[in-house]
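Presented below is the structure to which this report refers.
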2 protein chains.
Amino acid sequence: MSVTPNPKQTINLGDIARALGVSVATVSNALSGKGRVSASLVPRIRDMAEAMGYVPSQAARALRTGKSGVLGLVLPDIASPLFPQIAQAIERAASASGYGILIADSRGDVGVQTEAINRLIERGVDGLIIVPRRGTRIASMDIPFAVIDSPSTPGNTVSADHWQGGALIGTHLALLGHRNILLIGNNPASNVQNDRIGGMRSTLSGCATVDVLWIEQHEAKHGAGALLGLAERFESGTTAFAAVSDLHALRAMTELHRANIRVPEQATITGFDDLFWASAITPAMTSVRMDMPRIADIAIASLVCAIDGKSGDEVGENTRVPMSLITRQTSGPGPVSNTHHHKRGTGTC
Amino acid sequence: MSVTPNPKQTINLGDIARALGVSVATVSNALSGKGRVSASLVPRIRDMAEAMGYVPSQAARALRTGKSGVLGLVLPDIASPLFPQIAQAIERAASASGYGILIADSRGDVGVQTEAINRLIERGVDGLIIVPRRGTRIASMDIPFAVIDSPSTPGNTVSADHWQGGALIGTHLALLGHRNILLIGNNPASNVQNDRIGGMRSTLSGCATVDVLWIEQHEAKHGAGALLGLAERFESGTTAFAAVSDLHALRAMTELHRANIRVPEQATITGFDDLFWASAITPAMTSVRMDMPRIADIAIASLVCAIDGKSGDEVGENTRVPMSLITRQTSGPGPVSNTHHHKRGTGTC
DNA sequence: CTGAAAGCGCTTACAG
DNA sequence: CTGAAAGCGCTTACAG
């Protein structure tokens, strides 16, 4: 066996200090920009660090300062629609603030969610961003945390204004001249869905006949994957189908297609969230989009603020970020639509 | 100002040791299960730790052991299809092995990808899982890493067998009796797409007329979002449209619908990846699915192995994980299909 | 079986 | 402006 002196792999402040004949404190100060260091020394130290390929030890820094520079992100289900958008926006915002993101998937289970939060805390995150599983109330904890949820949920920090988003869709449909509309939701226990439905209703009431179909209830009766009876609805006069998610809008659209009802010529379909594939549909679907970058920025900003200032408390003050309409499909309800089209711009119907 | 003795928030090994009148070494040994500790002491120490709400400091442990217990995951684009599936599977596999996952989004940019890798290393990850941006060759680094990519890409660690997946689709279509098939890809520079196309071709050649449509090339000529001319293809005899992704399959399906061509009665459409919304389509689409849990397990296992054993090298040996067919749509090519249906089971056409 | 001690790499008062 | 020293909380040989 050769006795090649195994050179230490990672070099540290001491190595730089030794190479330059100064103290580690000076090197640390020069590199961090804190404390007084003679102007002539700073560049020499910086260059040497660079040349030696110095990589600061986060572990040591974290141990010393008590801050890890890492935030935890808890999601109910990374793989289901919308959450990837959230994760991406959060990662960017955190990255821009110098933080890393540790992810945890609660798999839609409250127990797993609690466990995930604990594991994240054990890993030393400085704060937590939590997108709670439906109906979960996050108990207070020892570290700062931000909750992204519906505005109707008590205790949230920031969220899209789902009600206002619903209102955008409602107005859109009213202006197109629709007077018989079916709203399609999945689960009436969801705050987000209720807000969206409520928003749509609010701008439609009085000017259109509105009915709501809850898919889970429908499937409980007719079996999973059963037809939603949309063709029948169409026959009895419904001209617009407004779903609380692009996912359900897609289901509605294909169901109408199967009944040979043309979209958007004969019936209009709208969704929510502008999911990735929404633009792959021909013609693309009108949807409403959350401003994820802004939501993420607000969540991260309030978290960073809490970390740097006081700590151990829930942060934020229920900020509502407006949603925006992505208009892609503007047909009205068939032959009648032309008449109604002229009503555009009246605001209310 | 009151002089309330600010009690230390986090309690450590020393606190437990003091409370029990033993040394920190003994507490450490008892809690970790290493070293010899009298049987009577172990439960007392454990209970005390529990009672005091002890949470070990990862930072200190990491500093001492040189291992952070965190792995970095680099993705080209968290929000686009398929990557959320990967992220979820990786998070689960890592979590099961006691590792946390720090995410980074390379935004499809090679520069950002390199920077992201460096940042992850600076944060002290023990290893890296990289899903490289198309065409990127990952240079060797100082820490263990696993690459998830197409088998055709040199230097990958584990991947789905896209060619074999393509063969599954090809066989499926051949058995359904299709004799005139259009394969739909997006970009011929993608190894994954080429593998899938190649696999489909391999089982179809000699028994069907096969053509390939590359969407990017088509759009370069006719503009983004242009119709793909599928109705014309149908008119000239094409009965099956096999896309390299559910996303393009969706586009194809809606385009056919707009031309009043019924799916699947008149034309069959297949996709790849069994994306989240694939089952929301009526009728649901036949697709082919990667075994993400297995891919993730293999990636994590080889990484953990490299971390515990030798280190600083690329790991793994190009494992190909088979894909599986999700059959949801079994119609053949119209009136002719009945004849061909009887050929089922012949294996080759 | 148990404990005293060293040391991981850093930052931060505190002297000089 | 610069350096010596303490200490963050843990683990790991090494004595006893």
Side-chain angles (χ1 to χ4, degrees), chain A residues 6 8-46 48-49 52-70 121-126 308 311, chain B residues 6-46 48-49 52-70 98 121-126 308 311:
Chain A
N6 189 330
K8 202 173 24 157
Q9 281 292 19
T10 54
I11 74 117
N12 58 32
L13 288 187
D15 297 325
I16 301 174
R18 219 166 300 119
L20 254 32
V22 297
S23 76
V24 293
T26 300
V27 176
S28 174
N29 284 333
L31 257 26
S32 68
K34 302 185 168 186
R36 260 127 273 304
V37 182
S38 69
S40 63
L41 219 41
V42 174
R44 286 182 58 210
I45 291 175
R46 295 237 158 116
M48 180 58 80
M52 296 177 78
Y54 170 66
V55 176
S57 159
Q58 283 298 326
R61 186 173 289 171
L63 177 57
R64 179 61 228 241
T65 63
K67 265 92 184 67
S68 63
V70 173
I121 291 177
E122 284 179 16
R123 286 207 187 297
V125 297
D126 295 335
D308 293 341
S311 69
Chain B
N6 188 329
K8 202 173 26 159
Q9 280 292 18
T10 54
I11 74 117
N12 59 30
L13 288 187
D15 297 325
I16 300 174
R18 219 167 301 119
L20 254 32
V22 297
S23 76
V24 294
T26 299
V27 175
S28 175
N29 284 332
L31 256 26
S32 68
K34 302 185 170 187
R36 260 127 272 303
V37 181
S38 67
S40 63
L41 221 41
V42 174
R44 285 182 59 209
I45 292 176
R46 295 235 157 117
M48 180 59 80
M52 296 177 77
Y54 170 66
V55 176
S57 159
Q58 283 297 325
R61 187 174 289 170
L63 177 57
R64 178 62 227 242
T65 63
K67 264 92 185 68
S68 63
V70 173
I121 292 177
E122 285 179 15
R123 286 218 139 67
V125 298
D126 294 335
D308 294 339
S311 70

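None of the values given here were measured: they were computed from a predicted structure. The basis for the numbers below is simple: all heavy atoms, side chains too, and nothing from hydrogens, waters or symmetry mates.
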Separation of [N] [atom2] from [X] [atom1] (nearest whole Å):
| X | N | atom1 | atom2 | result |
| --- | --- | --- | --- | --- |
| B/Leu20 | C/dG3 | CG | C1' | 15 Å |
| A/Arg18 | D/dG3 | CZ | C1' | 15 Å |
| B/Arg44 | C/dC1 | CZ | P | 16 Å |
| A/Ile11 | C/dC10 | CD1 | P | 8 Å |
| B/Leu31 | D/dT12 | CG | P | 14 Å |
| A/Ile45 | D/dT2 | CD1 | C1' | 10 Å |
| A/Lys67 | C/dT12 | NZ | P | 12 Å |
| B/Leu63 | C/dC10 | CG | P | 9 Å |

At under 4.0 Å, does any side-chain N or O of [X] touch on OP1 or OP2 of [N]?
| X | N | answer |
| --- | --- | --- |
| A/Thr65 | C/dT11 | no |
| A/Thr26 | D/dG3 | yes |
| A/Ser57 | C/dG9 | no |

Sugar-phosphate, base or nothing in reach of A/Ser38, heavy atoms under 4.0 Å: sugar-phosphate
Sugar-phosphate, base or nothing in reach of A/Ser28, heavy atoms under 4.0 Å: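 Answer is base: heavy atoms of A/Ser28 come under 4.0 Å of a base.
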Residue pair A/Asp15, A/Tyr54: steps toward the side chain to side chain contact (heavy atoms under 4.5 Å, CB included) verdict: CA-CA 9 Å; A/Asp15 297 325; A/Tyr54 170 66; over 6 Å; no
Pair partner, D/dA13 [Watson-Crick or wobble, under 3.5 Å]: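 Across any shown strand, D/dA13 pairs with none.
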Pair assignment for C/dA4, Watson-Crick or G-U wobble, requiring both distances under 3.5 Å: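 Pair assignment: C/dA4 / none.
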Under 3.5 Å donor-acceptor, [X] side chain and [Y] backbone:
| X | Y | value |
| --- | --- | --- |
| B/Asp126 | B/Gly69 | yes |
| A/Ser68 | A/Ala62 | no |
| B/Thr65 | B/Arg61 | yes |

Working for side chain to side chain contact (heavy atoms under 4.5 Å, CB included), residues A/Val70 and A/Arg123: CA-CA 9 Å; A/Val70 173; A/Arg123 286 207 187 297; over 6 Å; no
Can you tell me which nucleotide in [options] comes closest to the side chain of [X]?
| X | options | answer |
| --- | --- | --- |
| A/Arg61 | C/dC10, D/dT11, C/dG3 | C/dC10 |
| A/Ala25 | D/dT11, D/dA5, D/dT2 | D/dA5 |
| B/Tyr54 | D/dC10, C/dC10, C/dA4 | D/dC10 |
| A/Arg64 | D/dC10, D/dC8, C/dA4 | D/dC8 |

Comparing B/Ala60 and B/Asn29 on DNA chain D - which has the more 5′ nearest nucleotide: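 The residue whose closest nucleotide sits nearer the 5' end is B/Ala60.
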